[in-house]
Amino acid sequence: MHFVTETELRYRYRQQVFTEYRLSSNDRLTPEARQFLADRQILLIKPGTEVLEDSSSMDTQAISADYTELLLKNCQLDLLAAARLAYDCDYQLCETLFELADSIVDKQNNVEVNPFTESTYQLRMLYILSNKGPLLLALERIVTSLAYLTTQIDEEYRNHLINIRQTCLQIIYQLLGVK
């Protein structure tokens, strides 16, 4: 068994830039190597997986755009969670983190990324700084991830994930007092 390291991938990437990496059946990725591929949006092809040549670049671009949007949304949620933590020790830092979260922009579409677009509510500073704030942020992160996962998973399991997401949304509505 061979463990592919980040250093090995960096070396290969410097030699020749690549957009996909195919693992052999004896290869395993270290966590750092996996992160290297994810950071550069390099498609990981596992053993036994076939990639269709005609549509692979379009599919890869669509998946990578979806993944980028998910990362931006989760980054925004992490900034909001950090702002919640900063509230007790440094209110100025808390406000700065809220401003940073509000300023995240999707460069491709030049629109603000709002992790709450599908919902009829919006988590504002008041909600996040309340005692329910950490729970609301955690639930919203789950809802965001599930929204992405439902586009990437087979139909048999998709409905189950949609139901979980709907239940999480109902809990958020209940916590916010929204009907």
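FYI, the numbering just counts along the sequence from 1.
Remark: Leu85 CG to Leu97 CG distance equals 9.5 Å, nearest 0.5 Å. A distance of 14.0 Å separates CG of Leu137 from NZ of Lys132, quoted to the nearest 0.5 Å. Residue Tyr91 holds its OH atom at 10.5 Å from OG1 of Thr96, rounded to the nearest 0.5 Å. The line from CD of Gln174 to OG1 of Thr167 is 11.5 Å long, rounded to the nearest 0.5 Å. Put simply, OG1 on Thr144 and CZ on Arg165 are 7.5 Å apart, with the number rounded to the nearest 0.5 Å. Between Leu129 atom CG and Asp88 atom CG the span is 9.0 Å, to the nearest 0.5 Å.
Of all non-hydrogen atoms in Cys94 and Ala83, the two that sit nearest each other are SG-O, 3.4 Å. Heavy atoms only, all atoms of each residue included: Leu139 and Cys168 are closest at CD2-SG, 4.3 Å. Minimum interatomic distance between Asp27 and Leu23 (heavy atoms only, all atoms of both residues): CB-CD2, 3.5 Å.
In Tyr87, the OH atom is not crowded: 12 or fewer heavy atoms of neighbouring residues, nucleotides or ligands sit closer than 6.0 Å.
Side chain of Arg22 to backbone of Ile45: no donor-acceptor contact under 3.5 angstrom is found. Between the side chain of Arg84 and the main chain of Ser130, a donor-acceptor pair closer than 3.5 Å is present.
Tested against Leu136, the residues Leu176, Leu80, Ile171 include a single side-chain contact (heavy atoms from CB on, under 4.5 Å) partner, Leu176.
The same ILVMFWY cluster, assembled from side-chain heavy atoms under 4.5 Å apart, contains both Phe18 and Leu44. Residues Leu135 and Tyr173 are members of one and the same hydrophobic cluster, defined by side-chain heavy-atom contacts under 4.5 angstrom among Ile, Leu, Val, Met, Phe, Trp and Tyr. Under the 4.5 Å side-chain heavy-atom criterion for Ile, Leu, Val, Met, Phe, Trp and Tyr, Ile162 and Ile164 are members of distinct hydrophobic clusters.
With sequence neighbours left out, Ser25 forms a side chain to side chain donor-acceptor pair (under 3.5 Å) with no residue at all. For the side chain to side chain donor-acceptor pair (under 3.5 Å) test, residues two or more places apart in sequence or in another chain that qualify with Gln15 are Tyr11. Listed by chain and number, the residues in a side-chain contact (heavy atoms from CB on, under 4.5 Å) with Gln92 are Asp90, Glu95 (sequence neighbours excluded). Applying the ring pair (Phe, Tyr, Trp, His ring centres under 6.0 Å) test to Phe98 and every residue at least two apart in sequence or in another chain returns nothing. Checked against side-chain contact (heavy atoms from CB on, under 4.5 Å), Asp78 has the following partners two or more places apart in sequence or in another chain: Arg141.
Looking at Leu37 and Gln41, their side chains never come closer than 4.5 Å, going by heavy atoms from C-beta outward. In this structure, the side chains of Val4 and Arg28 stay at 4.5 Å or more apart for every pair of heavy atoms.
Judged as a salt bridge (Lys or Arg N to Asp or Glu O under 4.0 Å), the pairs with a partner in residues 1-14 (not counting sequence neighbours) are, in order, Glu6-Arg10, Glu8-Arg12.
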